Structure formats: C-alpha cells, structure tokens
Amino acid sequence: MTQAANTLQFYNTETKRKEPFTSIEPGHVRMYTCGPTVYDFAHIGNYRAYVFEDVLRRYLHYRGYRVTQVMNLTDVEDKIIRRAQEKGITIFEHTVPFIEAFFEDLDTLNIEQAEHYPRATDYIPQMLEIIRTLREKDYTYERDGSIYYRIAKFQSYGRLSGIRPDEVKSGARIDSDEYEKDDARDFVLWKGRKENEHFWESEFGPGRPGWHIECSAMSKEFLGDHFDIHTGGEDNIFPHHENEIAQSEAASGVKFVNYWLHCRHLLVDGEKMAKSKGNFFTLRDLIQRGHHPSAIRYFLVASHYRSPLNLSEEALKASHAAWTRIMDFHTRIVEIIQRKVDAPRVEALDAEWKKFVTQFETHMDDDLDTPRALASLFDFIKESNKILDANPIAQSQAKQLLDTLKRVDTVIGVIKEEEALLDEEIEQLIQLRQDARKQKKFALADKIRDELANQGIILEDTRDGVRWKRR
RNA sequence: GGCGGCGUAGCCAAGUGGUAAGGCAGAGGACUGCAAAUCCUUUAUGCGCCGGUUCAAAUCCGGCCGCCGCCUCCA
C-alpha cells in the first residue's frame, strides 16, 4: 500500500462524521451493497448508487485492499408478485430477464463485478434461521400467520437514522392493508401466505420473507455477523438499514457494521424522478438518446456521492465534453509512445505527474472526493499538454505518463481503449483526402472530411499526420 | 408536523474564517489551406435575502425565502 500523509476516511451515516477507515481484518474489506429489486429495468438514479459503490470498491483496490463485495438481488417483493400475477407467470419468469438486463447495464457503465450476487429466493433457509433465533430470544410475535419484530425490545433502535421510535408517524401511511400489529412501528419478518401469492413452507407457516430480513441473512452468509462497510441510497437509511441492524444485532449479539455509507438521490431537471412526471429514465433510455456510456459514467462519477446531482441534457453534454478531453489526452500519449522518439527526459513532466498522483490520492482519501480528484486531473492534463506542446517526449517517459493515467482510471473507469480499427473504406477515404490536400484541392478534402464526420469519424490534422477519433 | 440536506457565474461543480478551484458553454488571440486538437487571454467587486460577530465571512451566529429527501418495503 502506498504511504500517504493522510489516511482514508469515510463519512459514516451512523456517527454523522468522517472517520478514519480501518478494516476489521487487515488488508481485507468486506462490504455489503444494497442492490436492485428486479421488478423492472433499473433507472439512472439506481445507477448513481451502483457507480458510487463501484468507485468505492475500485478505490479500496487502488489502496491495496482485497475487497469482498456482496450485492443482493431482491427477487421477491410486492411489485414483483403483482406484475407476475398480471402477466400470469411465475415470479422467477418475471425477474430473470431483468436480472440479465441489470448485468448488461453494469457492463455498459463499466462497473466491476462484485464477488457475490445472491438472490433473495435462494436464501430462504438462512432467513428462517435468523427469524428462529430472534424468536428464541423473544424479539418476535405472531399475528394472523405473520411474524413481527418487536422494536421496543431493541434498545438502540433508531441510532442509524436518528429517528426515535416514538417519533415515527403513525396513522396515515400505516393503512388497514397492514396486518394487526402490537405496535405500528414493528415490521414484518415473515409474511403469512396470501392467496395466489408465491410462498414457501416454514416452521412459521406458509409465507414469504419480509423485505429487511434478506440483507441480514445474505450479509451473514457471505461476510459474517460483523463486517466493514454497508452502503445504499439515502432512502435505505430508514427503515431498511435501521431494521437490518435491529435484526442482525439482536440475533448475533455483536455489532453488525462499522461504516454506513449512503449516497444522495439523483434528481432530473431539479425534481425527483417519477414516471408520472415524465422525467423517468433508464440507462437504456439515455443510451438511446445518443449519450455515450462513458459520458454517463463520467457524469455520475464527477459529483460527490453525498451531494445532490441533477440530471439534465445540458449536464450530460458537458460531461461528454469533459470525458472527451480526458480521452484526447490519452490518445496523445499513446501516439507519442507509438512514435518511439528518443529525447531527453523532461523533468517538469515528472514533477507534474507526481504532484497529480499525490493530489488525486489526497482527495480520494477524503471520503471519495471525486470532484476535486477530477479537478486535479484536469490541472494535470493542462500542464502536461503545455509541456508536450513545447518538448519532444521520449517513449519511456510517455509510458510512465500512460501508466499514471491508467492507474488513476482503475478508479474513475472512463478511459476506453480504441476497440476497433477503421474499416478499409474509411482508411481509403482518409488517404484520398490526404492526396487531395497535397494537391491543394481543398474543396474536395473538406467534402471528404464532412462525409466522415457524418459517419462519426472526426479528423484532426496534426504535425505528425492525421489523427482520427469516433464521435 | 418530526428529522436531515441544499441554495456559489449561462450550465455542472469545488471552496467550511484570510480575500472566489476545475469542467462545459461564450469572446479575443496563437497554430492551421480551412478546421479540429492544443496553448494564451478573458468571463462572479461577489457566493438565496436581511441583520450580527470579527482586523477579516461564501465560510461562524440569528432571522427570513426557496428547493430537495426520509418518516414501513423507492438507490
């Protein structure tokens, strides 16, 4: 691990403070990241959370930690059951295509694979095990075939969200649809079977799991009773995560999670995304509108995860431009390497990238401060371009520059190596244009350039020949 | 009603007591056959509003206005 003057720290929702990070097991971080409920395509707001978690994971790797990440797939829940019923299919037939789509989307956004993606329905026995333990410890009671958790018995209930149990508004949102409970604030662990609903047999009778229990069961399964980091969107703080703590700690008797990290919601044009408002976008919608995946990822990475982020057409365009600037710089360095020039080492350049790496790490260490980390990247690009304009650069030095950029991009994840070569027809057009230029037939040359532009190929005439890029 | 967060240039977004980062867009210039890329210059006498503390406030305190989130299954 690199030595840095400062230490990695995260803002912990539970303590409302930034705290230095220490893993339970040296060199190994175990984290649980709340994943999607797969009743439909995930929307762009969901992906803010997953990209944030990806950056967290990537930076922990950058810092030399081994990471074990679990992301649950919630594949049984009210909406899933309702939609499956409407279509006359099983819940599994309904969720599997959306699970596949979810993984495609993760790939589109260059999100690294977690170590485990457990599906709730595969861990029913583990959930029942926890409920059994809770019952033995007298944290539960039964009503009409459902098992409830008795909040009043858990002393520190509310410590994550800051919501005291007696402040929870009773009435309006707790409607007659709910089963009879001793206390309106209690939550369900096991829901008694309703007609036509998918159910599992259990010692508590036929039914299905409550929402919160799956995360307690699956985190325990893969990470143990006590692990390092648990993340999710801000909406999860209450009641979901609060209830997870209550369940897990009551059952295990030990502390559940050391660091709780939550990201803010994404807004669209200043408002909460809602299908009724017509401002609801899936990742696929944005791609279809012509937004480049890397530009979308850049947009999500460029703001701090605890700050509000407002999606708009203009903001996405700006992100695309900023991303292009990074890519152009990358291309420039790759070309220098390909040219194999022999030149004296430019020490000013070494100084720039060393300064940059230090700044980048300092900012990322500070609760993943990506806005400032990227600002230092742009400073670095500007200063490097200046030096590159004025000096020939040796291949060996350019390689170091590229390594630096790539290493930083193991965290940011927006640099795309050129995937495809140009097809021959385009190569020929570029050559044709070069010939025309030599003969000073500029009208023809410009016409070819325009044609290529229409096909998404942008040409740049440089001192060292023609450079092309897509889009 | 309770709890929490936010309000900085046309847009995105840093800055949490010392005199306004960075990106995009705009303007002028260098380079170019013209462009593009790159570089240079330029763009907030002011950080929602009104008071207060201080030698000094976007930053602290009080009040007000506006926006957002959570308050039982929504990242």
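Note that the coordinates shown come from a computational prediction; the quantities given were computed from them, not determined experimentally.
- Among the protein residues, A/Lys317 comes within range of no part of the nucleic acid, since none of its heavy atoms lies under 4.0 Å from any strand.
- In this model, the phosphate group of B/U38 is not approached by any side-chain N or O of A/Asn385 to a distance below 4.0 Å at OP1 or OP2.
- In this pair, A/His265 lays its aromatic ring flat on the base of B/A75, centres within 5.5 Å and planes under 30 degrees apart.
- Distance CG (A/Leu73) to P (B/C73): 21 Å, rounded to an integer number of Å.
- Heavy-atom nearest nucleotides on RNA chain B were determined for A/Leu374 and for A/Glu460, and the one closer to the 5' end corresponds to A/Leu374.
- Judged by Watson-Crick or G-U wobble contacts below 3.5 Å, the nucleotide B/C55 has B/G18 as its partner.
- Under the side-chain contact (heavy atoms from CB on, under 4.5 Å) rule, A/Leu189 has a single partner from A/Leu128, A/Thr140, A/Ile130, which is A/Thr140.
- Within 4.0 Å (heavy atoms only), A/Asn243 reaches no atom of the nucleic acid at all.
- Base engagement by A/Phe442 is indicated by at least one non-hydrogen atom pair under 4.0 Å involving a base atom.
- Under the side chain to side chain donor-acceptor pair (under 3.5 Å) test applied with A/Thr13, the options A/His230, A/His241, A/His262 reduce to a single match, A/His262.
- Within the nucleic acid shown, A/Asp379 comes within 4.0 Å of sugar-phosphate atoms alone, with no base atom in reach, counting heavy atoms only.
- One can place CD1 of A/Ile237 at 11 Å from P of B/C71, the figure rounded to the nearest angstrom.
- Among the nucleotides B/A37, B/C70, B/C34, the one closest to any side-chain atom of A/Arg437 is B/C34.
- Using a 4.0 Å heavy-atom criterion, one finds that A/Phe52 contacts no nucleic acid atom at all.
- On the C1' atoms, B/A57 is 12 Å away from B/A20, given to the nearest whole Å.
- Separating the P atom of B/G26 from that of B/U32 is a span of 23 Å, rounded to the nearest Å.
- Applying the 3.5 Å distance criterion, the base of B/C70 shares no donor-acceptor pair with the side chain of A/Asn236.
- Comparing B/U41 with B/G23, their P atoms sit 12 Å apart, to the nearest whole Å.
- Between the P atom of B/U38 and the CZ atom of A/Phe378 lies a distance of 11 Å, rounded to the nearest Å.
- Residue-to-nucleotide contacts include no donor-acceptor pair under 3.5 Å from the side chain of A/Arg264 to the base of B/C6.
- Atom-to-atom, CZ of A/Arg463 to C1' of B/A35 comes out at 16 Å; the value is rounded to the nearest Å.
- Side-chain polar atoms of A/Ser161 and A/Glu242 form a donor-acceptor pair below 3.5 angstrom.
- Open room surrounds NZ on A/Lys441; 12 or fewer heavy atoms of other groups in view lie less than 6.0 Å from it.
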*Could you walk me through whether A/Tyr47 and A/Phe281 pass the ring pair (Phe, Tyr, Trp, His ring centres under 6.0 Å) test, one step at a time?*
CA-CA 11 Å; A/Tyr47 288 110; A/Phe281 298 106; over 10 Å; no
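- For the P atoms, the distance linking B/C40 with B/C31 amounts to 16 Å, nearest Å.
- One C1' atom belongs to B/G18, the other to B/A25, and the distance between them is 32 Å to the nearest Å.
- Residue contacts shown for A/Arg433 include a base, since a base heavy atom lies under 4.0 Å away.
- Within the 4.0 angstrom heavy-atom criterion, only backbone atoms of the sugar-phosphate kind lie near A/Lys382; the bases stay farther away.
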*Could you walk me through whether A/Phe41 and A/Phe98 pass the ring pair (Phe, Tyr, Trp, His ring centres under 6.0 Å) check?*
CA-CA 6 Å; A/Phe41 293 111; A/Phe98 291 119; 5.2 Å; yes
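- Nucleotide B/C39 holds its P atom 13 Å from the CD atom of A/Glu352, rounded to whole Å.
- A/Asp328 comes within 4.0 angstrom of the backbone, heavy atoms only, and of no base.
- Rounded to a whole Å, the CE atom of A/Met71 is 11 Å from the P atom of B/A75.
- The nearest whole Å value for the distance from the CZ atom in A/Arg82 to the C1' atom in B/C73 is 12 Å.
- Base pairing of B/A27 is made with B/U41, judged by Watson-Crick or G-U wobble geometry with both donor-acceptor distances under 3.5 Å.
- Each of B/U38, B/A36, B/C31 was ranked by its minimum atom distance to the side chain of A/Asp389; first place goes to B/U38.
- Among the atoms of the strands shown, only primed sugar atoms or phosphate atoms (P, OP1, OP2) are found under 4.0 Å from some heavy atom of A/Gly232.
- Annotation: of the two residues near RNA chain B, A/Lys386 and A/Leu459, the 5′-most nearest-nucleotide partner is A/Leu459.
- When the P atom is used for both B/C12 and B/C50, the distance is 23 Å, rounded to whole Å.
- In this structure, B/G69 forms a base pair with B/C3, meeting either the Watson-Crick or the G-U wobble geometry with both donor-acceptor distances under 3.5 Å.
- When Watson-Crick and G-U wobble pairs are counted only if both distances are under 3.5 Å, B/G62 pairs with B/C50.
- Within 4.0 Å (heavy atoms only), A/Arg325 reaches sugar-phosphate atoms of the nucleic acid but no base atom.
- A donor-acceptor contact under 3.5 angstrom links the side chains of A/Ser216 and A/Gln247, judged on distance only.
- For A/Lys191, no side-chain nitrogen or oxygen approaches OP1 or OP2 of B/C73 to under 4.0 Å.
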*At under 4.0 Å between heavy atoms, which parts of nucleotides 10-15 of chain B does protein reach? Answer with one letter per nucleotide, 5' to 3': B base, S sugar-phosphate only, - none.*
-S-SSS
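- Pairing of B/C34, defined by two Watson-Crick or G-U wobble distances under 3.5 Å, is not identified with any nucleotide.
- Taking the charged nitrogens against the carboxylate oxygens, A/Lys355 and A/Glu352 do have a contact shorter than 4.0 Å, which makes a salt bridge.
- Put simply, CD on A/Gln439 is 16 Å from P on B/G33, counting in whole angstrom units.
- Distances from the side chain of A/Asp446 to the nucleotides B/G33, B/C73, B/C70 place B/G33 closest.
- Rounded to a whole angstrom, the distance from the P atom of B/A56 to that of B/U45 is 22 Å.
- Donor-acceptor pairing under 3.5 Å is recorded for the side chains of A/Asn385 and A/Arg332.
- Across B/C49 and B/G7, the matching C1' atoms stand 11 Å from one another, rounded to whole Å.
- A/Glu234 contributes a side-chain N or O that, together with a main-chain N or O of A/His265, makes up a donor-acceptor pair within less than 3.5 Å.
- Checking A/Tyr59 against A/Asp365 by side-chain atom types alone, a donor-acceptor pair falls below 3.5 Å.
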